[in-house]
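All remarks here apply to the structure that follows.
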There are 2 protein chains.
Amino acid sequence: MDAEPKNTGAKVEPWGDITPDAARRLVSAAVHAFAERGYHATTTRDIASRAGMSPAALYIHYKTKEELLYQISKVGHERALTIVERARDSAGTPAERLADAVRSFVRWHAEHHTTARVVQYELGALAEEHHAEVIAVRKATDGAVRSIIEDGVKAGVFDVPDVRGTTVAVLSLCIDVARWFNAAGRSTPDEVGDLYAGLVLRMVGAGGGQR
Amino acid sequence: MDAEPKNTGAKVEPWGDITPDAARRLVSAAVHAFAERGYHATTTRDIASRAGMSPAALYIHYKTKEELLYQISKVGHERALTIVERARDSAGTPAERLADAVRSFVRWHAEHHTTARVVQYELGALAEEHHAEVIAVRKATDGAVRSIIEDGVKAGVFDVPDVRGTTVAVLSLCIDVARWFNAAGRSTPDEVGDLYAGLVLRMVGAGGGQR
DNA sequence: ACGGAGAGTGAGCAAGCGCTTAGGGGTGTC
DNA sequence: GACACCCCTAAGCGCTTGCTCACTCTCCGT
C-alpha cells in the first residue's frame with residue numbers, strides 16, 4: 001500500500017503530492033482563480049493560461065471544470081476534518097483539546113486562505129453528488145468539535161447551555177477567517193489562532209486564563 | 001423633503017419601498033436568484049422570468065445586471081450599518097449596548113438571510129467604484145462595533161487584550177449567520193440572536209450572567 | 001530505425017450569455 | 001380622435017463560454 005505522503009511541515013502547499021506536474025499546476029491555478037473571482041466567473045481559458053498551457057490541455061487531466069473544483073473541495077475538506085479530529089483524539093483536558101482544535105483549524109484557514117476560501121465558499125457550485133459527499137465531511141467536522149464541547153460539559157469544566165448552537169458558532173467563527181484573512185494584513189496566522197482559541201474558551205465558559 | 005419610509009416593523013421585506021412595482025419585483029427576484037446560485041451563475045433571463053416578465057423588461061428599470069446587485073448590496077449594507085449604529089448610540093452600559101448590537105445584527109442576518117447572503121458574499125462581483133462605496137459602509141460598521149468595545153474597555157467592564165482582533169471576530173461571527181442560517185432549521189432568529197449576544201459578552205470578558 | 005503512447009496545441013463548434021432594437025398596446029390629456 | 005407617454009415584448013446581435021477534434025510533437029522500448 002502507499003505510504004502516507006509526508007506532509008508534516010506546517011506551511012507546505014496543499015497540492016504537493018499531485019502528479020503529473022501539469023495536473024498540479026492546473027489545480028493550483030484553479031485554486032487561485034476560483035478564490036479571486038469565484039468558480040462561475042472563472043473561465044477554463046483563465047485556468048489554463050495561469051498554468052501556462054493551452055485551453056485544451058486542461059481536458060487531458062480533468063474531465064470538466066467542475067471536477068477541478070471537486071478535487072479542490074474534497075481534499076480541502078478532508079484536510080480540515082483531519083485537523084479537528086487530531087485535536088479531538090489527542091491527550092489533554094477538554095479545554096486544551098478545544099483550544100488546540102480552534103488554534104490549528106484557524107491557522108489552516110489563515111495560512112491557506114486562498115484554498116480555504118474555495119473550499120468553504122464555492123461548494124455550492126459542485127454537482128449534486130459531489131456536493132453531498134462534501135456535506136458529509138462537513139457534518140463529521142461539526143461532530144468532532146461538538147464531541148469536544150460535550151466532553152467538557154460532562155466533565156463540568158465547560159458551561160454551555162446550548163451545545164449544538166455553540167458548536168455552530170465556534171465553527172462559524174473559524175471558517176469565516178478564510179473570508180477576511182489577508183496575508184498582507186496586520187495579523188499572522190499564529191496570532192489569529194491564539195486569539196481565537198482564547199475567545200472560544202471564553203465562549204464555553206472555560207475562562208481565558210485572563211484576569 | 002421625503003419623509004423616511006416607515007419601516008418600523010421587524011419582519012417587513014426589505015424592498016417594500018421600491019417603485020414602480022415591477023422594479024421591486026425585479027429586485028426581489030434578483031435577491032433570491034443571487035442567494036441561491038450566486039451572482040455569476042444567475043442569468044438576466046432567470047431574474048426576469050422569476051419577476052414574471054420578459055428578459056428585455058429588466059433593462060427598462062436597471063441599466064445592467066450589476067446595477068441590480070449594487071442596489072441590493074448598497075441598501076443592505078446601509079440597513080446593517082443603521083442597526084449597529086442605533087445600538088451604539090442608545091442609552092445603557094457598554095455590555096447592554098454590545099449585546100443589543102449583536103442581537104439585532106444577528107437577528108437581521110437570520111431573518112433576512114437571503115438578502116444578507118447576497119449582501120455579505122456577492123460584493124466581490126461589484127464594479128470597482130460600487131465596490132469601494134460598499135467597503136466604506138463596512139468600515140463604518142466595523143468602527144461602530146469597535147467603539148462599543150472600546151467604551152467597555154475604558155469603563156473597565158470589558159477585558160479585551162486585542163480590541164481590533166476581537167472586533168473582527170465579533171463581526172465575523174454575526175456575518176457568518178447569513179451563510180448557515182436556514183429558516184426551516186432548528187433555531188429561530190430570536191434564539192440565535194440571544195445565544196450570540198451571550199457568547200459575545202463572554203468573549204469580551206463581561207460574563208454571560210451564567211454560573 | 002521505428003511504432004505506439006502520452007502530453008500538448010490551434011482551430012473551432014454549439015450553446016448560452018448580457019444587452020439592444022423596433023415596435024405594440026394600454027392610459028390620460030386636450 | 002390624435003397624440004405623447006410609459007411599460008412591456010419578440011427577435012436577435014455580437015460575443016464568450018465549456019468543451020472537442022484532428023493533429024503534432026517528444027520520448028521510450030525493442
Side-chain angles (χ1 to χ4, degrees), chain A residues 15-73 118 122-131, chain B residues 15-73 118 122-131:
Chain A
W15 314 109
D17 49 357
I18 295 181
T19 54
D21 183 73
R24 203 194 60 247
R25 268 156 48 219
L26 279 169
V27 171
S28 179
V31 165
H32 285 90
F34 292 164
E36 258 176 44
R37 325 179 189 204
Y39 174 80
H40 288 292
T42 299
T43 68
T44 54
R45 283 161 177 84
D46 185 23
I47 297 169
S49 84
R50 278 179 196 243
M53 36 217 260
S54 77
L58 193 152
Y59 295 91
I60 295 165
H61 303 283
Y62 295 93
K63 263 185 296 198
T64 62
K65 176 176 132 182
E66 191 268 350
E67 197 182 89
L68 258 170
L69 177 64
Y70 171 58
Q71 166 90 334
I72 294 162
S73 199
V118 178
E122 300 294 332
L123 73 165
L126 287 169
E128 197 162 348
E129 189 183 325
H130 294 159
H131 184 76
Chain B
W15 313 110
D17 49 357
I18 295 180
T19 54
D21 185 72
R24 204 194 59 246
R25 268 156 48 219
L26 279 169
V27 171
S28 179
V31 165
H32 284 91
F34 292 163
E36 258 176 45
R37 325 180 189 203
Y39 174 79
H40 288 292
T42 299
T43 69
T44 54
R45 284 161 177 85
D46 185 22
I47 296 169
S49 84
R50 279 179 196 242
M53 37 217 259
S54 79
L58 193 153
Y59 295 91
I60 295 165
H61 302 283
Y62 294 94
K63 263 186 295 199
T64 62
K65 176 176 131 181
E66 192 267 351
E67 197 182 89
L68 258 171
L69 176 64
Y70 172 57
Q71 166 90 333
I72 294 163
S73 199
V118 178
E122 301 293 332
L123 73 164
L126 287 169
E128 197 162 347
E129 189 184 326
H130 294 159
H131 185 77

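Labels below follow one simple rule: chain letters A, B, ... track the order of the sequence lines, proteins then strands, and each chain is numbered from 1.
Toward the 5' end of DNA chain D, the nearer of the two residues B:Ala57 and A:Leu58, judged by each one's closest nucleotide, is B:Ala57.
The minimum heavy-atom distance between A:Tyr39 and A:Glu122, with the atom names listed, is N-OE1, 3.1 Å. Among all heavy-atom pairs drawn from B:Ala127 and B:Glu66, the shortest one is N-OE2, 2.7 Å. Closest approach of A:Val118 and A:Ala35 over heavy atoms only: CG2-N, 3.5 Å. Across A:Ser73 and A:Leu126, no two heavy atoms sit closer than the pair OG-CD1, 3.8 Å. Of all heavy-atom pairs between A:Ala48 and A:Ser54, the closest is CB-O, 3.5 Å.
D:dC8 atom C1' lies 12 Å from atom CG of B:Leu26, rounded to whole Å. What separates CG of B:Leu68 from C1' of C:dG18 is a distance of 13 Å, to the nearest Å. With rounding to whole Å, A:Glu66 atom CD is found 15 Å from D:dC19 atom C1'. The OH atom of A:Tyr62 sits 17 Å away from the P atom of D:dG18 (whole-angstrom rounding). Whole-Å rounding puts the B:His40 NE2 to D:dT17 P distance at 12 Å. A:Asp46 places its CG atom 14 Å from the P atom of D:dT16, with the value rounded to the nearest Å. Remark: C1' of C:dG6 and CE of A:Met53 are 13 Å apart, rounded to the nearest angstrom.
The side chain of B:Tyr59 approaches C:dC19 more closely than any other nucleotide in the set D:dG18, C:dC19, D:dC8. Side-chain proximity of A:Lys65 to C:dC19, C:dG8, D:dG18: nearest is D:dG18. You'll find that the side chain of B:Ile60 is closest to D:dC8, out of C:dC19, D:dG18, D:dC8.
The shortest distance between the side-chain N/O atoms of A:His61 and the OP1/OP2 oxygens of C:dG8 is below 4.0 Å. Residue B:Thr44 places none of its side-chain N or O atoms closer than 4.0 Å to OP1 or OP2 of C:dC19.
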Check the pair B:His61 / B:Gln71 against side chain to side chain contact (heavy atoms under 4.5 Å, CB included), numbers first and verdict last. CA-CA 12 Å; B:His61 302 283; B:Gln71 166 90 333; over 6 Å; no

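Under a 3.5 Å cut-off, the side chain of B:Arg45 and the backbone N or O of B:Pro55 do not form any donor-acceptor pair.
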Provide a list of protein-nucleic acid N or O atom pairs under 3.5 angstrom, restricted to nucleotides 10-16 of chain C.
from: C:dG12; atom 1: O6; to: A:Arg45; atom 2: NH2; distance (Å): 3.4

